[in-house]
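In what follows, a structure is listed as structure tokens, so that the remarks can point back to it.
In each ligand, atom 1 is the first atom listed, and ligand 1 is the first ligand listed.
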Amino acid sequence: MAGAFAALSQPAAHAAPTRYEAETSPAVCTGTIDSNHSGYSGSGFCNGNNATGAYAQFTVNAGAAGTATLGVRFANGTTSARTADLIVNGSTVQSVSFEATGTWNTWVTKTLTVSVNSGSNTIRLNPTTSNGLPNIDHLDFEAGGTPPPPPPGGIIGWATQGGGTTGGAAGSTVTVSTFADFRTQAQAAGARTILVNGMLSGSGTVEISANKTIRGVGANSGISGTTLNIEDMSPANVIIQNMNIRGVPGNDAIQIENATHAWIDHNTLSSTIESDPDYYDGMLDITHGADYITVSWNVFRNHWKNSLVGHSDSNAGEDRGHLRVTYHHNWFDRTFERSPRVRFGETVHVFNNYYSNINHNTSSYAIASVMDAGLLVEANVFENVQQACWSASGYGDSDPGRLVARNNSLTNSGPCEINGSVAALPYGYTAENVGTVKSSVTAGAGAGKL
Ligand code: GCU
Ligand code: CA
């Protein structure tokens with residue numbers, strides 16, 4: 001009685017992880033189940049074949065979709081790390097390095113964070129070199145072990161600084177469903193929220209005036225054929241949200257020039273890949289000392305000269321001390337150059353973005369820091385990217401920039417080149433663990449997700 005009562009009255013403990021042994025079906029070991037090195041749990045461990053792709057796989061059960069914590073217990077009695085892709089339900093989510101543990105009976109647990117589905121999930125460790133995996137003892141699995149990723153929405157980063165960015169919040173709301181009405185409203189003086197209803201096709205340039213929010217209705221509204229220009233305003237205080245935006249032949253799609261305070265959020269910006277990289281100009285170009293800008297939760301797809309920050313190596317006078325931009329939770333897919341390419345700006349903060357298939361040719365790259373710019377490149381996922389970052393080497397004719405990289409995940413990608421140090425950021429933020437970035441960005445970025 002007393003024992004039962006004591007047990008029942010214990011506070012609800014933190015849910016214990018569930019242990020899945022590598023030697024127990026339905027786990028798969030591409031190799032042998034061995035027991036010749038001591039210290040393992042259960043009845044043995046997976047000694048994978050020493051070959052690329054000789055994987056160990058666990059099938060785990062999650063009570064609900066969300067974040068899960070993995071504890072992989074391994075031993076690596078060699079003197080060098082062994083690397084593997086972590087593949088969840090068939091998608092590679094990060095690259096894992098299993099360091100040397102000294103001896104084959106010294107077991108260490110590596111903690112990783114992933115997103116899982118409700119119900120059954122496969123967790124595969126797939127070695128990426130011919131050394132194969134370390135010996136794998138078990139997987140401890142705990143769903144909901146860490147806070148969920150930040151929800152889409154809410155402004156963070158540089159656009160919150162120096163007075164912040166509110167767009168048209170102080171004014172009235174109008175809905176436009178023709179390009180002519182859109183132009184009239186966007187160029188009119190005074191604060192307003194302009195709801196764009198439908199895909200409006202125009203030409204030339206729309207000179208957006210200060211204190212505007214331009215927001216698409218539903219998932220399929222936006223603008224094509226015209227340059228959205230935010231120019232010569234301090235503060236501009238412009239928000240562009242939930243819009244489908246198309247590349248403009250011969251011109252930029254969005255241009256922010258000598259203007260401060262803009263938030264470009266939850267848009268889908270896409271073009272087509274033409275054989276001439278100059279067929280379109282920039283997708284989102286930020287130049288002439290523009291400042292206090294956040295670019296968040298956008299999809300940038302199929303574009304060459306994607307996002308330039310600082311247009312000329314000889315523009316230090318206007319640009320140095322400005323061009324402060326935060327890029328976070330964007331999906332850069334087949335954007336073959338400039339995501340972004342930064343001159344002078346410091347600190348340009350590039351975090352929690354997902355880069356995919358930036359591999360058109362050997363010159364393709366994701367990020368370049370040049371002309372003494374300072375970039376913090378943090379917890380981004382690079383998949384199939386020819387070169388993740390340039391910095392110490394400079395790029396094109398431009399001199400080197402500085403770049404600090406931390407916690408990024410690179411799969412089938414060229415390196416993120418680092419160089420020197422960069423100034424601290426003045427704003428608070430929480431970077432999402434890189435293990436969940438791909439799933440939260442693919443689920444949350446682009447028009448139609450707000
Ligand atoms: C040794 C060791 C194995 C291990 C192997 C390896 O043979 O005994 O347990 O798997 O090295 O290098 O992978
Ligand atoms: Ca082995």
Give a yes or no on whether N135 keeps an N, O or S atom under 3.0 Å from the Ca ion (ligand 2). no
For N61, I'd like to know if atom CG has over 12 heavy atoms of other residues, nucleotides or ligands within 6.0 Å. yes
I need the single residue from N244, V217, I214, I240 that forms a side chain to side chain contact (heavy atoms under 4.5 Å, CB included) with V196. Which is it? I214
Test of understanding: with side chain to side chain donor-acceptor pair (under 3.5 Å), list the residues that count as partners of R246, not counting sequence neighbours. S270
Amino acids contacting ligand 1, non-hydrogen cut-off under 4.0 Å: H37, N47, N50, R82, W104, N135
More than 12 non-hydrogen atoms from neighbouring residues, nucleotides or ligands closer than 6.0 Å to CD1 on I418, yes or no? no
Under 6.0 Å from the six-membered ring centre of F344 and within 45° of its axis: does the NZ or CZ of R320 meet both? no
Is the Ca ion (ligand 2) less than 3.0 Å from an N/O/S atom of G31, whether that atom is in the backbone or a side chain? no
Do W331 and S356 have side-chain atoms, one donor and one acceptor, less than 3.5 Å apart? yes
N/O/S of N49 less than 3.0 Å from the Ca ion (ligand 2)? no
For the rings on H328 and H349, is their centre-to-centre separation under 6.0 Å? no
Qualifying residue, where the test is ring pair (Phe, Tyr, Trp, His ring centres under 6.0 Å) with F351 and the options are Y327, Y429, W158: Y429
What does the angle at the Ca ion (ligand 2) come to, between atom OD1 of N50 and atom O of G48, rounded to 10°? 80°
